[in-house]
Every structure is written in C-alpha cells, then in structure tokens.
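Note that this is a predicted model, so its numbers are computed, not measured.
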Amino acid sequence: MTTIAIDLPRNYATEENTIVSWLFTKDHKRIALLFFASITFFFFIGGFAATMIRLHLATPGGLLQPSVYNRMFTVHGVMMVWFFLIPSIPNTFGNFFLPMMIGAHDLAFPRVNLLSWYVFNLSGLVLLYALVMGGIDTGWTFYPPYSTQYASGYVFAAALAVFINGFSSIMTSLNFVVTTHRLRAPGMTWLRLPLFVWAMYSVSIVMLTATPVLAMDMFLLCVERFIGVGMFDPSRGGDPILWQHMFWFYSHPAVYIMILPAMGVVSELISCYARRPIFGYLGMVMALMAIAIISFFVWAHHMFVAGISIYSAVVFSLLSFFVAVPSAIKVFNWTVSLHKGSIVFDAPMLYALGFVLLFTIGGLTGLIVATLAVDVHVHDTYFVIAHFHYIMVGGTVSAFFGGLHYWWPKMTGRFYPESWARFAATLTFVGFNLTFFPQFILGYLGMPRRYYTYVPAWESWNLLSSAGASILAVAYALPLFYLGWSLLYGRRAGPNPWGATGLEWTTPSPPPTHNWELTPTVKLGPYSYNPEDGSYITQDGVKHAYV
Amino acid sequence: MDQYHWVPFWPRTAALNAVVVNNLYIAELGLCGLIIAMVVGMMMTFCVRYRQGSTVSRADRVKKTWHWEITWTTATLVAFLVLFCWGASIYIWLFKTPPGDIEIYVVAKQWMWKFQHPGGQREIDTLHVPVDKTIRLVMASQDVIHSFFVPAFRVKRDVVSGTYETIWFKATKTGTYQIECSQFCGVQHATMKGYVVVMTPADYAAWLTSHGIRESLALQGEALFRQYGCSGCHGANSTVHAPTLVGLYGSIVHLQNGGAVRADERYIHDKILMPNEQIPAGYPSNVMPSFAGQISEDNILKLVAYIQSIGSQEFSR
C-alpha cells in the first residue's frame with residue numbers, strides 16, 4: 001500500500017492510511033473494499049467445502065464420514081448463499097459504484113453503511129463459532145422437524161448467524177434505495193440511470209421486503225429449538241409446511257437477489273465492450289422491475305411434491321413461467337446488443353459472454369423444473385443442483401469476476417494482466433460446464449441431492465463433475481494471484497481506460513475521497529457509444545475519441 | 001437394482017406416467033436446445049462479424065426496439081404457456097390419486113421404509129407389487145420429512161411428518177426398481193433406499209401366500225380398536241354420545257363450525273391425534289382424549305384400515 005502512496009495523487013485509499021482510519025471509515029469506497037475482504041474470506045471457506053464435496057463424490061465410496069459430508073454441504077450452502085452470493089455484488093461494486101454512477105459523493109447514510117459491515121462480520125463470527133464447535137448438518141434450508149428436533153450440532157448458532165446477517169442486508173439495501181431516490185446528480189433522471197443502478201435499486205427493494213420474513217422464520221426456528229414451543233414440529237402442534245412457506249417466501253426472492261445485480265453488471269460490460277448502446281434500455285429496466293416483483297409470487301414452486309394443494313401448485317407453476325419471460329427478454333437484448341457493435345474481447349467481456357450462455361442454460365432448465373409433471377421427477381435431485389448453480393455460479397460468480405476485472409483499474413489505479421485474465425475467464429467457462437453439465441444427466445437419472453454415497457452406475461458422471469470442479473477451483477483461485485500481483489506491479493491506468501460512458505469513469509483512478517470536487521451535471525443517458533468511429537460521450541456530456 | 005453396462009444417459013422407464021413425463025421432458029429439451037442454438041448462433045455470428053477491426057458497416061443500427069421486445073415477449077409467453085398447460089394437466093392427473101387396485105400403507109422412519117400390505121404382510125425396504133395394477137400408497141412418517149422417490153416410475157412425494165400423503169403408480173414392466181429418499185432426513189439419508197419388485201400377477205399371488213396369510217391389517221386394527229378403548233365410546237353398544245364409525249370412511253362429515261370435510265385417511269389420522277379439531281356437528285368437544293405420543297404411526301394405519309373396512313365400500317377418490 002505504501003508504494004502506491006508515494007507516486008499517486010491523493011485518493012480514497014491513500015488519504016489517511018492507518019488501521020483506525022480504515023476501521024472507522026465512512027467512505028463508501030473503503031467500506032466496499034472492507035466488504036470485499038470479508039466476502040472473499042467466506043468465499044474461500046465455502047469453496048473449500050465445495051472442493052471437499054466434489055472430492056468425496058468422485059467415487060461412490062467417498063472420503064469423508066457421512067456426518068462430515070453432511071456438514072460440508074451445509075457449510076457450503078450457508079456460506080455461499082448468505083456470506084458470498086447475496087452480498088457479493090451489491091456490497092462491493094454496489095457500494096463502490098452506485099454513488100459514483102449517479103454522481104453522488106457518498107451513500108445517503110455512511111455510518112449505517114459502516115454498521116452494515118460490522119453486523120455482517122458479527123454474523124460471520126457467529127457462524128464460524130457454529131462451525132468450529134462442530135458444525136451443522138441440516139442443509140442450508142433448515143427443514144424442521146429435522147432441524148428443530150432431530151439434528152445434533154449448532155443449529156441455534158447457525159440460525160442466529162443468518163438472523164443477524166439479514167440486518168446487514170436490510171441496512172445496505174435501505175441505503176441504496178434512499179441514495180438512488182435522493183442523491184442523484186442534477187440531470188440524472190430515472191431513465192438516464194445506468195442499468196447497474198437499476199439492478200441495485202430493484203434488488204434493494206427485494207432485499208428490503210423479503211429479508212424480514214427470513215428473520216421471523218429464523219427467530220421461530222430458534223424459539224422451537226431452544227424453548228420447545230411447537231411452531232413447525234407436528235408432534236408439538238406445529239406445521240412443517242409452514243416453515244417451507246416462510247423460508248421460500250424469502251429464499252426464492254433471494255435467488256433474484258443474487259442474479260439481478262449480475263444482470264446489471266453484465267449490461268454495463270456488454271455495452272462497453274461491444275461499443276454500442278444497449279439494445280432496448282427501457283425493456284431492460286422494465287424486465288428488472290418485473291423480475292423483482294414477480295419473484296415474490298413463485299415461492300411455492302419449491303414445494304410441488306411437499307403436499308400443497310394441487311390447485312395452488314398449478315397457480316405457482318404458471319407464475320414461475322411468467323417470471324421466465326422478463327429473463328428471456330434480457331437474454332435476447334444482450335445478444336442483440338452485439339449486433340453492429342465493434343466488439344473487443346477483453347477479459348470482462350469474456351466473462352460477460354460466458355454469463356449470457358450459462359444464464360441461458362440455467363434459465364431454460366428453470367422452465368423444466370417449473371413444469372409441474374417434470375418437477376415431480378427432478379425435484380430434490382442433481383438436476384435442480386445443476387440448474388441453480390448455472391444461475392448462481394455460472395451467472396452471478398461470472399458476472400462478479402467480470403465486474404471485478406472491469407472496475408479493477410478504477411478501484412486500484414492499476415491494470416490487471418490481460419492475458420492471465422482471459423485465460424482465467426476461459427478456464428472458468430470450461431471448468432464450470434464440466435462440473436455442472438453432468439449433474440443435469442445425473443439428476444434425470446434420479447440421483448437425489450445430499451447423498452454421501454450413490455450407486456456405482458453413476459460414477460462416471462460424478463467423476464467427470466469432480467474433474468471439472470478441480471479446473472474451476474484453479475480458475476477461481478487464479479485472480480487472487482495475478483490481481484494481487486497487479487496491485488504492486490500492474491501498469492498504471494488512467495481515469496477511463498476502457499472508454500466507458502458511466503460517471504464513475506470521469507474521476508481519476510483511484511477516485512479521491514469524495515469522488516468529485518464538484519458535483520457533475522448529467523447531460524444524457526448511459527451507453528452513448530458509436531461503433532462506427534469508436535467515439536463515446538460520457539454522461540456529463542463530454543465527447544471523447546476512442547483510443 | 002439398476003444395472004447399466006455403459007455410461008447411463010437415461011433412467012429406466014417402467015410405469016404408465018413415466019412415459020408421459022418422458023415425452024414432455026423430451027419436448028422441453030428440444031425447445032431448450034432450439035433456443036440455446038439460436039442464442040449461441042446469434043452470439044457467434046455477431047462476435048465474428050462485428051469484432052473490432054472488421055470493416056463491416058455499422059450504420060443503420062436498429063433504433064426502434066419496442067417491436068422486437070414485443071415479438072420475443074409474445075413468442076416466449078406462448079411457448080411457456082404451452083409447456084405450463086402440458087405439465088399441469090399431467091400433474092393434476094398424477095396427484096388426484098385414483099382408488100387403487102391395491103392399497104399399501106407406508107411408514108417412513110430414519111432410515112427405512114416399512115410397507116404393510118392389506119393382507120397383513122409386512123416388509124422393510126422392499127415392496128412387492130403386481131404389474132399393470134394401480135397401486136395406491138398411503139404414507140406416514142414416524143419422525144422427520146422423507147420423500148418417496150422411484151426414478152424409474154418418475155413419481156415422488158414428500159412424506160411429511162404429522163400428515164398422510166398419498167401417491168399412486170401403475171408399473172408396466174416387471175423388474176426391480178430403486179426407491180430413494182430424496183428429502184434430507186439425517187446422517188444416513190443416502191442409505192434410506194429400497195426396491196420395488198414388480199411381479200406378474202401369478203408371482204405376486206405366490207409371494208403373498210409364501211409370506212404367510214397373517215391377520216389382515218383391518219383385523220389387526222380391530223384388535224387395537226378394542227385395546228386402546230376406542231370401542232368403549234365408538235362401539236355399537238356404547239352409551240356415550242360419540243359418533244359411530246360405521247360408514248364413516250369416504251363420507252362427508254359436517255363440522256360444528258359449519259364446514260364439511262371428506263373423511264379420508266388423513267382426517268381419521270388427525271382425529272386420533274387431535275380429537276378437538278374438526279369436531280362433527282352435534283357432538284361436544286373435549287370428550288375424546290388425544291392419542292398423540294401413545295400410538296405409533298404403524299398402529300394408526302391399522303386403525304385406519306379397520307375403520308376403512310367398516311366404512312363405505314364405494315368410496316372413490
């Protein structure tokens with residue numbers, strides 16, 4: 001860090017570089033980096049568990065004890081969902097770039113933002129406590145009566161961790177909503193917002209409204225497990241299906257909490273690297289909002305075989321098909337955004353194109369699981385595992401890495417090594433498909449999820465999947481090394497190395513503490529790229545030639 | 001057991017609805033393949049044709065995008081609605097359980113499947129059934145939620161604690177097919193497996209005989225009916241103001257609160273455990289004690305079988 005301080009102009013990272021100044025910072029950019037450190041830590045714990053899962057499943061006999069295996073998939077699920085995927089893009093890139101994209105000097109509530117990070121880490125500590133003391137084996141879904149009456153392990157601590165974690169989500173999303181409403185720069189009308197901002201706005205609304213239900217749910221679980229009041233356990237007068245309703249009322253929108261930000265990132269990337277305006281901006285905005293709203297009305301499609309009434313199953317299936325329509329619109333718009341562009345295949349674009357393909361496969365297999373009769377067969381099998389990993393890992397994690405590379409020069413003032421990054425992006429795509437495509441086949445063959453052992457006939461597909469996972473692990477670990485290297489030795493980046501149009505590119509890289517000396521005035525909407533001569537106009541109205 | 005001599009791509013298909021689900025699944029794979037080919041095709045074409053440095057003209061880009069948006073919104077919506085209707089109609093057919101030719105009671109517990117045949121034959125983790133007959137399973141869980149899944153039949157249903165779930169299938173091929181538990185139920189979840197043995201009617205009859213004509217479930221239930229003191233109030237000579245159970249099964253019960261409910265297995269089960277819920281019109285509450293915690297799911301099923309045997313013969317659905 002000190003080497004940067006010597007020869008760079010004063011910026012947010014170097015202004016005052018003491019541990020105290022970082023731990024008590026109110027700067028949204030620093031808090032974004034703090035979140036980045038936290039979620040990277042949790043990502044590698046969750047990733048370690050995933051590695052153990054795939055190593056174990058490479059052969060039917062396996063490596064681990066059944067009870068250890070069950071703990072591994074629970075850790076993997078809980079870590080990845082609440083401690084990586086949900087906060088990943090919003091709390092890092094959202095925190096860093098939402099204010100910059102709308103021309104604000106910070107988020108609306110900087111102290112709440114900092115508090116959100118502390119609460120997040122507190123919840124992480126509680127979860128780590130549960131893991132170190134012996135872990136839990138309920139799966140991330142905590143289905144009672146197993147979780148409340150039969151499971152050994154630290155269910156209470158884990159549920160408490162998820163409960164606390166929710167407050168961090170709520171604080172950050174509240175901050176985003178208020179910031180988007182109140183702190184837009186002069187001229188930044190709603191329909192001039194970059195799609196990333198729209199994605200952050202829509203996801204914040206979902207977080208803000210869904211997370212309290214999760215909190216109630218976890219609270220009731222703790223009440224049942226700790227005090228013995230019958231909420232979900234039928235032997236004590238409760239109803240296990242009630243848990244499933246409440247849990248999925250949060251956890252289905254949570255899937256969209258994970259994917260909406262990724263959609264926002266990818267819209268930025270595709271437009272920038274295709275050097276042309278995004279196709280159908282208004283359609284994209286409406287699709288984001290439609291997904292955010294419809295996502296609240298599809299939860300019971302997780303319960304088609306759980307004994308809900310036939311007619312409610314039919315209604316929820318129909319609504320699930322509806323939510324696929326705006327997703328399809330987005331895929332078509334991204335694809336057609338390449339038409340008559342001038343496409344540059346830098347690493348972020350490779351990640352973005354990978355995202356579109358993997359999201360398409362994930363979305364289309366979503367139709368298959370939304371179809372009632374087929375879901376009866378594939379529900380709770382590896383087909384479902386493959387489907388949601390295509391969305392959450394193929395989709396969200398690809399977009400996360402795409403965004404990380406795209407904004408890296410802005411955040412650090414340095415370029416990442418391009419050929420290494422292209423290699424990592426390609427490796428991610430290959431490794432991902434090798435890991436998860438075989439799981440579609442395993443799922444239709446009938447391999448249920450959460451099995452620590454399986455019939456020998458399924459070995460070849462499992463082995464292939466595990467082999468793919470080892471490639472994927474390398475692809476995910478690589479950036480850690482070359483991005484770390486680039487912090488010290490990377491080539492210096494100017495304010496706008498990609499020739500992008502967003503306001504975040506109109507400040508120096510890295511940006512100064514309050515982003516701008518003077519609040520910028522916005523003259524036009526985003527994505528004013530001209531593929532004919534490569535020129536572009538940043539949102540403050542300045543026309544640039546493409547270099 | 002499922003035997004494969006080569007890397008398996010497709011599960012075995014051995015029941016009436018498995019064929020139906022296969023057809024729908026293949027149609028969906030076809031549609032998915034078509035859409036993926038379209039997206040990949042467009043993407044590849046554009047990426048090559050409009051790569052930076054190519055000299056193709058970029059003029060006259062599509063400016064009016066809304067009619068494109070409307071086109072693909074409508075197209076996807078129509079395609080999706082077709083899939084929805086197709087899937088939903090099969091689901092309704094599958095989940096509106098018809099009266100079975102044979103009705104088998106299933107109790108799931110960590111980590112085994114217990115089956116009770118109407119003739120009193122009992123087996124664990126193996127279920128013998130005849131081919132080409134509608135088999136109706138009435139399933140209860142002794143502890144946590146399990147899920148009864150036979151991949152070769154494409155049927156699955158959660159066995160939720162505290163309630164009965166029913167499922168049916170009609171096997172079309174003799175053979176041995178794997179049963180799996182597909183809802184995580186504890187440490188040995190992965191070993192909670194069993195086999196359905198589908199036999200010819202003659203073999204099935206032979207199997208039934210060789211496994212002893214024990215007391216039928218209904219007869220065992222009748223003994224329990226006396227043992228637990230049910231007959232004291234619900235019996236023919238009782239002086240207590242309690243409803244008679246003759247003809248109850250399958251009838252419509254009018255409730256004190258003005259509602260009505262069909263007296264199926266689930267209702268009878270719930271009344272034994274929670275007698276003060278769903279009180280029939282004209283009967284007082286707080287008279288019958290609850291048997292929750294005093295009687296196992298196996299025995300409740302026998303009681304249900306007994307009440308069924310003295311009930312209406314023409315109950316359907």
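Only the side chain of B/L94 comes within less than 4.5 Å of a heavy atom in chain A; its backbone stays farther off. Of the atoms belonging to B/T45, not a single heavy atom falls under 4.5 Å from chain A. Using a 4.5 Å cut-off between heavy atoms, A/Y311 touches chain B through its side chain atoms alone. Of the atoms belonging to A/N70, it is side-chain heavy atoms, and not backbone ones, that fall under 4.5 Å from chain B. With a 4.5 Å cut-off on non-hydrogen atoms, A/W334 does not touch chain B at all. Of the atoms belonging to B/V39, heavy atoms from both backbone and side chain fall under 4.5 Å from chain A. Residue B/W68 touches chain A through its side chain alone, counting heavy-atom pairs closer than 4.5 Å. Interface remark: A/Y273 contributes no atoms to any contact with chain B (heavy atom separation under 4.5 Å). Using a 4.5 Å cut-off between heavy atoms, A/V378 contacts chain B through its backbone alone, with no side-chain atom that close. Only the side chain of B/M38 comes within contact range of chain A, judged by heavy atoms closer than 4.5 Å. For A/S460, the part lying under 4.5 angstrom from a heavy atom of chain B is the side chain only. When heavy atoms are compared at a cutoff of 4.5 Å, A/F232 does not approach chain B at all. Only the side chain of A/Y143 has a heavy atom closer than 4.5 Å to any heavy atom of chain B. Both the backbone and the side chain of A/L353 come within contact range of chain B, each with at least one heavy atom under 4.5 Å from a heavy atom of that chain. With a 4.5 Å cut-off on non-hydrogen atoms, B/F149 touches chain A through its side chain but not through its backbone. Heavy-atom distances place the side chain of A/Y150, and not its backbone, under 4.5 Å from chain B. Interface residue B/N22: backbone and side-chain heavy atoms are both found under 4.5 Å from chain A. Using a 4.5 Å cut-off between heavy atoms, A/V331 contacts chain B through its side chain alone, with no backbone atom that close. For B/C185, the part lying near chain A is the backbone, with the side chain staying farther off; criterion is any non-hydrogen pair under 4.5 Å.
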Enumerate, atom names and distances included, each donor-acceptor pair closer than 3.5 Å involving a side-chain atom of residues 316-327 of chain A, sequence neighbours excluded.
residue	atom	partner	partner atom	Å
A/S317	OG	A/A370	O	2.9
A/S320	OG	A/H301	ND1	2.7
A/S320	OG	A/F316	O	2.6
A/S327	OG	A/V323	O	3.2

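Classification of the A/F247-A/W243 ring pair by plane angle, with boundaries at 30° and 60°, yields parallel.
Within the 3.5 Å criterion, the main-chain N or O of A/F142 finds a donor-acceptor partner in the side chain of A/S147.
Remark: the A/S342 side chain and the B/R51 side chain contain no N/O donor-acceptor pair separated by less than 3.5 Å. For B/S296 and B/Q142, the side-chain atoms include no donor-acceptor pair closer than 3.5 Å.
A cation-pi arrangement is absent between A/K340 and B/Y50, since the terminal nitrogen or guanidinium carbon is not both under 6.0 Å from the aromatic centre and inside a 45° cone about the axis.
Residues in residues 230-241 of chain A take part in these salt bridge (Lys or Arg N to Asp or Glu O under 4.0 Å) pairs, two or more places apart or across chains: A/D233-A/R236.
Inspection of non-hydrogen atoms places A/L364, A/L367, A/I368 of residues 362-369 of chain A under 4.5 Å from chain B.
The side chain to side chain contact (heavy atoms under 4.5 Å, CB included) check on B/A292 picks up B/L273, B/S290, with sequence neighbours excluded.
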